[in-house]
J.: 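Before I ask anything, let me first share the structure, which is written out below as structure tokens.
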Amino acid sequence: MKSQLAIVIPAFNEASNIKPLCTRISEVMQRVQYNYIILFVNDGSTDHTLHELKTLREKDNRIHYLSLSRNFGHQSALKAGLDSVEADIYISLDADLQHPPELIPQLLQGWEEGYDVVYTVREDPPNISRFKKKTSTFFYNIMNSLSDIELDQGSADFRLMSANVVAAFRKFKEKDLFIRGLVKWVGFKQKSITYTANERYSGHSKYTFERMARFALQGITSFSTKPLYVATYLGFTFSMLSVLYVPYAIYAFLFGKVISGWTSLIVTVAFFGGLQLMILGIIGIYLGKLFMQSKHRPLYIIQSSTLS
Ligand code: UDP
Ligand code: MG
């Protein structure tokens, strides 16, 4: 019996990308012997994405979609897709054709060799913005030094997962999903392949700098409490330093140098003020996570679906 493959694609305002993407996937799938379905997760798009999906589905019943009740974000949309469909193999990719479907046979080959996860590592195209490249390198370095898992630089949500991995993954109930970290965390036999990322086919990236920064912070704080230790160490170091500073202050007082101390006072106040705010911020992020998690809200809400 042929193995069943589900290709899961989150899409948020990707109306003009969906059709070319489906064409390319079906071309590729002719080259391999798998039954497959394509499951789009419409993540509360405000353009014609849903209409486009309906039209495509009329022509090809291997195309399915889930429509979420509003925009829940890329990671939740992907989770919704993986939770909703039963298959032997799952492949996730972006709707904007930055993840070339032509790599699917290679991913499947990894599965045939017995790997449970075949993930992809992006080699940047020469014309990618220096800014995105630098921020991404910076993020992976920080992530790897602050948390207990090793992420490959440039790993994205373009990967193959076996039914076992997805079953493990479904048990996760956590709010701030950072899927590429979780997939690394679940273990199993994993393998990477590299590819060159394409430009977005059309439209623009939904990850603004602010969203990227938030995503990075989420990634770090979801996988480790090390930043809390960093906060403690910093606090400790500076209180030791200020212990050294007190004798100097007394000396300055005794020898009448009080007025000239104004500068150092302001500098110290400003410095410690900043440090305290930073540490409070770190603690606040974790507290916020606990707060959100304690509500046990669903990660996403499905409004309609073509899956029976
Ligand atoms: N996406 C989504 N919900 C969102 C933002 C993005 O489902 O709130 C989808 C988007 O349609 C695309 C993928 O996630 O298929 C990656 O998004 P994007 O291309 O904007 O990110 P980038 O490639 O710039 O990191
Ligand atoms: Mg993209």
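Here the structure is a predicted model, which means the values were calculated and not measured. Order of listing sets the numbers, starting from 1, for every ligand and every atom in it.
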J.: Can you list the ligand 1 atoms lying under 4.0 Å from a non-hydrogen atom of Asn71?
T.: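 Checking each atom against Asn71, I get 3 (N), 4 (C), 8 (O).
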J.: Give me the ring orientation class for His99 and Phe158: parallel if the planes are under 30° apart, tilted from 30 to 60°, perpendicular past 60°.
T.: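 His99 vs Phe158 ring planes: parallel.
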J.: In terms of residue, atom name and distance, what is the protein heavy atom nearest to atom 18 (P) of ligand 1?
T.: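 So the nearest neighbour among protein heavy atoms is Arg200 NH2, 3.5 Å.
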J.: Can you confirm whether Trp111 sits close enough to Ser3 that some side-chain heavy atom of one is under 4.5 Å from a side-chain heavy atom of the other?
T.: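 Sidechains of Ser3 and Trp111: in contact.
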J.: So do the side chains of Ser162 and Ile89 get within less than 4.5 Å of each other, counting heavy atoms only?
T.: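 Of all side-chain heavy-atom pairs linking Ile89 with Ser162, none is under 4.5 Å.
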J.: Among Leu82, Ile63, Leu66, whose side chain to side chain contact (heavy atoms under 4.5 Å, CB included) with Leu39 holds?
T.: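 Only one of Leu82, Ile63, Leu66 forms a side chain to side chain contact (heavy atoms under 4.5 Å, CB included) with Leu39, namely Leu66.
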J.: Just need the protein heavy atom nearest to atom 19 (O) of ligand 1, so name the residue and atom and give the distance.
T.: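 Result: Asp96 OD2, 2.6 Å.
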J.: Number the atoms of ligand 1 from 1 as they appear, then name those within less than 4.0 Å of a heavy atom of Gln98, with their elements.
T.: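 That gives atoms 19 (O), 23 (O) of ligand 1.
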J.: Which residue supplies the protein heavy atom nearest to atom 20 (O) of ligand 1, what is that atom called, and how far is it?
T.: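 Ranked first by proximity to atom 20 (O) of ligand 1 is Lys206 N, 2.6 Å.
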J.: Among protein heavy atoms, which sits nearest to atom 22 (P) of ligand 1, and what does the distance come to when rounded to 0.1 Å?
T.: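 In this structure, atom 22 (P) of ligand 1 has Ser205 OG, 3.7 Å as its nearest protein heavy atom.
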J.: For the Mg ion (ligand 2), give me the closest N/O/S atom belonging to Asp96, just the atom name.
T.: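 Nearest N/O/S atom: OD2.
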J.: For atom 16 (C) of ligand 1, grab the closest protein heavy atom and report residue, atom and distance to one decimal in Å.
T.: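 Ranking protein heavy atoms by distance from atom 16 (C) of ligand 1, first comes Asp94 OD2, 3.2 Å.
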J.: Atom 9 (C) of ligand 1: which of Pro10, Ala80, Ala95, Ser92 has the nearest heavy atom?
T.: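 Nearest heavy atom to atom 9 (C) of ligand 1 lies in Pro10.
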J.: What protein heavy atom is closest to atom 21 (O) of ligand 1, reported as residue, atom name and distance in Å?
T.: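 Here the nearest protein heavy atom works out to Tyr207 CD1, 3.1 Å.
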J.: What's the separation between atom CZ in Arg70 and atom OG1 in Thr46, rounded to the nearest 0.5 Å?
T.: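 Rounded to the nearest 0.5 Å, the CZ-OG1 separation comes out at 14.0 Å.
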J.: Taking only Lys NZ, Arg NE, NH1 and NH2, and the carboxylate oxygens of Asp or Glu, determine whether Lys191 and Glu113 approach each other closer than 4.0 Å.
T.: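 Looking at Lys191 and Glu113, the cut-off is met.
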J.: Students should be able to answer this: which protein heavy-atom is nearest to atom 12 (C) of ligand 1, and at what distance?
T.: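 Nearest protein contact, heavy atoms only, for atom 12 (C) of ligand 1 is Glu14 OE2, 3.4 Å.
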J.: Given Tyr119, which partner from the list Arg159, Lys184, Gln190 fulfils the side-chain hydrogen bond (donor to acceptor under 3.5 Å, both in side chains) test?
T.: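 Considering Arg159, Lys184, Gln190, a side-chain hydrogen bond (donor to acceptor under 3.5 Å, both in side chains) with Tyr119 is found only for Lys184.
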J.: At a non-hydrogen distance cut-off of under 4.0 Å, which region of His74 contacts ligand 1 (side chain, backbone, both, or neither)?
T.: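 Contact part for His74 vs ligand 1: both backbone and side chain.
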J.: Between Glu52 and Lys19, is there a salt bridge with N-O shorter than 4.0 Å?
T.: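 Salt bridge flag = no for Glu52 with Lys19.
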J.: Out of Ile18, Leu93, Asp43, whose heavy atom is nearest to atom 3 (N) of ligand 1?
T.: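 Nearest heavy atom to atom 3 (N) of ligand 1 lies in Asp43.
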J.: In terms of side-chain geometry, is the basic nitrogen of Glu86 or Arg170 positioned less than 4.0 Å from the acidic oxygen of its partner?
T.: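 Salt bridge flag = yes for Arg170 with Glu86.
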